[in-house]
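Have a look at the structure below, then the notes.
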Amino acid sequence: MNTSALIFMITTQVLITGVTIYLYIKVLSKPSKK
Amino acid sequence: MKAESWGTRLGLILAMAGNAVGLGNFLRFPVQAVQNGGGAFIIPYLVCFLLMGIPLLWVEWSVGRFGGKKGIHSTPFILDAMDRRRFWKYIGVFGIFTNIAVASYYCYIESWTLSYVFHSIIGTFRGMSQAEVAQFFVDYTEIDKTTLGIPYEAVVFYILCLALNTWILSRGLAGIEKVAVVGVPLLLIFGAFLAFQGLTLGTSGATPEHPDANSWEGINFLWTPQYDSLLNPKVWLAAAGQIFFTLSVGMGTIQCYASYVRSKEDIALNATSAGFTNEFVEVVLGSLIVIPIAAGYLGIDWVRENAGFGMAFQTMPYLFDKWGALLGAIAGVFWFGLLFFAGITSSLAMGTPWVGFMQDEFRWTREKGALSFGLIILAFGLPTVLFFHQGVFDEYDYWGGTVSLVIFALIEIILFAWIFGIDKGWAELTEGSDIKVPVVYKYIIKYVTPVLLLFVFLGSFISPPVEKRFVASKSDSEITEDLIAYLEQNGFEQRSTDQKWILVASAENFSKTFKNIVKFEKTLLSDFAIENTQYSIADYQDWKGNFLGLFKGEKWKLDKNSLISKITNSDIEDKIKKASSEKEINELKKQKFYANFSRFLLSIMFLGIAFLVHIAYRKRKRAMI
């Protein structure tokens, strides 16, 4: 696999996975408002 | 009637994510990326996600919760509540119509996935060749054939699927939430398993038939950035379109789900979480399954020539079978299982606007609303099942699943930002918010997103014909005059500049001589010793040339898939004119009949819902007196 494709793929996927996990941590740490 | 609301925050987010995640995450995204610049497609894709996707999600969630505060759970009267002009409730009809139109054929696809889970378990595809697997699908959709000994098997599974959707809908939000809380995590686990296979397959799948097969080549092709594609408007249009469809905006489902969010509950964080869940499934999982696994057994050239929706059913079972009886069966169950969960979480969302509308306006029970939804989908959906090969499915998909969404989303954002007012809209969005929404988004929602949506709309409405554009540098001495002359003799026209060779061919001329891009590349390599790294060949729509042509008195050239061409059936009419045999003409006339028949059914659907909205409006007026 060529380097630019690998860098592109890893960067994008880590970014999206990271943001998604961060958002879920935030959601789960805040209770629903009644 | 006690107001329903979501049980848990996580349940709401997973239900919304389930609504968005569908077959397109696994089948449409990778194909769009492959066809539009590989890794470089990700750049316009992410830009459009931030400037169009997220804003639209926020707008639709806000509109939904705003309606929910007033006890309204579907778009006709939500829009009606946003502005005093009476026509808005009829615009809101789109938010129910689109769901019924799409659910009519979507539930059919869902039933295929259910059936294929079953076939994977019983080992139907063991030992089948690729052609046999593809033929199995054709036979399955020829409904009068049976693969399990059940007569009209495809219809049976369809009704089963509809019954399941109806039953879950009758349980209300609690039922939908349960399906999402179980289905979405399972979908993620199944997807992760298959993505791992795609990542690790490598060259182990190569055979004498496909000696160059390599899953890493598939990943390479998908992710290698081709930066010059960023200058191609078609790529931006494709990226904007993909973001639009993947998030399920413009349908009315998000507004409906959000209308059950409690008035003090956060919208911004919830919506962003649901949106990113969709992106995780699409970009992280979706890109690592179909393309790499297919490339790992059939080679990247095969994938480039054949990648499309059909691969899900006509190719993947053949590939899974290579993993042996047990692992192949598990892979099949996981693949069709994840497609089934992706499908059912979406189809349940499509049912809720109708159920919500009938509960709100006619005091129907949930059970009655759900049953009526099932029956309506059966009535409008059976033509897509019975006349699948005659194009009814495709017509529903075009008008309900493409045109309708874009029109509604464009009107809705103008209503939200310009008529309801961005200040009120912003207040609605940020009320109860658990994140600080960047203030710049106030201006993005008002000015940028509508322009992008207009771009998507015009792109489909009046798009110029798709052409093939060849570009090479004049400083490359291996690109000879002989090659240029050869291209000109085979359908290409020169549009060269001082520095670059630029030649363009119509899609029709190109496919006559070269069939597809892979064969074009092979021809240039074998006949002229030119590598595909020495030039670019891509789909292109000449917006600039078309526009300048208007000033020269030329007519605007339309792509055969543009909205205007579709309305006038110009593609079929052209083919009828060029047809040589009586049989061919009759086939084309039959095609035209089914296209018009589908449009007639969809018109009845829209007008029927508009009529119900009108009756509901009169009831409301009487109640006020």
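Below, read A as the first sequence line, B as the second, and so on, with proteins coming before strands; counting in each chain starts at 1. As the structure is a prediction and not an experimental result, all values here were calculated from the model. Side-chain atoms are counted along with the backbone in the values below, which use heavy atoms only and exclude waters and symmetry mates.
Under the 30°/60° scheme for interplanar angles, the aromatic rings of F8(A) and W223(B) are found to be tilted. Taking the six-membered ring where the residue is Trp, Y441(B) and W58(B) present perpendicular rings, their angle passing 60° and hence far from 30°.
Heavy atoms of L222(B) lying under 4.5 Å from chain A are absent altogether. Contact annotation for T12(A): only side-chain heavy atoms (C-beta onward) come within less than 4.5 Å of a heavy atom of chain B. Heavy atoms of S287(B) lying under 4.5 Å from chain A belong exclusively to its side chain. Neither the backbone nor the side chain of I7(A) has a heavy atom closer than 4.5 Å to any heavy atom of chain B. Proximity to chain A is limited to the side chain of L14(B), based on heavy atoms less than 4.5 angstrom apart.
For F26(B), there are no ring-ring contact (aromatic ring centres under 6.0 Å, His included) partners at least two apart in sequence or on another chain. The side-chain hydrogen bond (donor to acceptor under 3.5 Å, both in side chains) check on T246(B) picks up N278(B), E282(B), with sequence neighbours excluded.
Within residues 185-200 of chain B, the residues having any heavy atom less than 4.5 Å from a heavy atom of chain A are, in residue-number order, L199(B). Residues of residues 45-55 of chain B placed with any heavy atom under 4.5 Å of a heavy atom in chain A are listed by number as L46(B).
The pair D266(B)-R65(B) does not meet the salt-bridge criterion, since no charged nitrogen lies less than 4.0 angstrom from a carboxylate oxygen. The pair E431(B)-K69(B) counts as a salt bridge, with a side-chain nitrogen and a carboxylate oxygen less than 4.0 angstrom apart. Ion pairing of R304(B) with E217(B) is absent here, as no side-chain N (NZ or NE/NH1/NH2) approaches a carboxylate O to less than 4.0 Å.
I43(B) is listed as a side-chain neighbour of L230(B), based on a closest heavy-atom distance under 4.5 Å.
Panel note: side chain N220(B), backbone N2(A); a donor-acceptor pair is recorded below 3.5 Å. No side-chain donor-acceptor contact under 3.5 Å links T430(B) to the backbone of S433(B). Under a 3.5 Å cut-off, the side chain of S29(A) and the backbone N or O of K26(A) do form a donor-acceptor pair.
Y257(B) and W6(B) have their aromatic ring centers within a separation under 6.0 angstrom.
Put simply, of N270(B), N214(B), I42(B), T224(B), the one with the most heavy-atom pairs under 4.5 Å next to chain A is T224(B).
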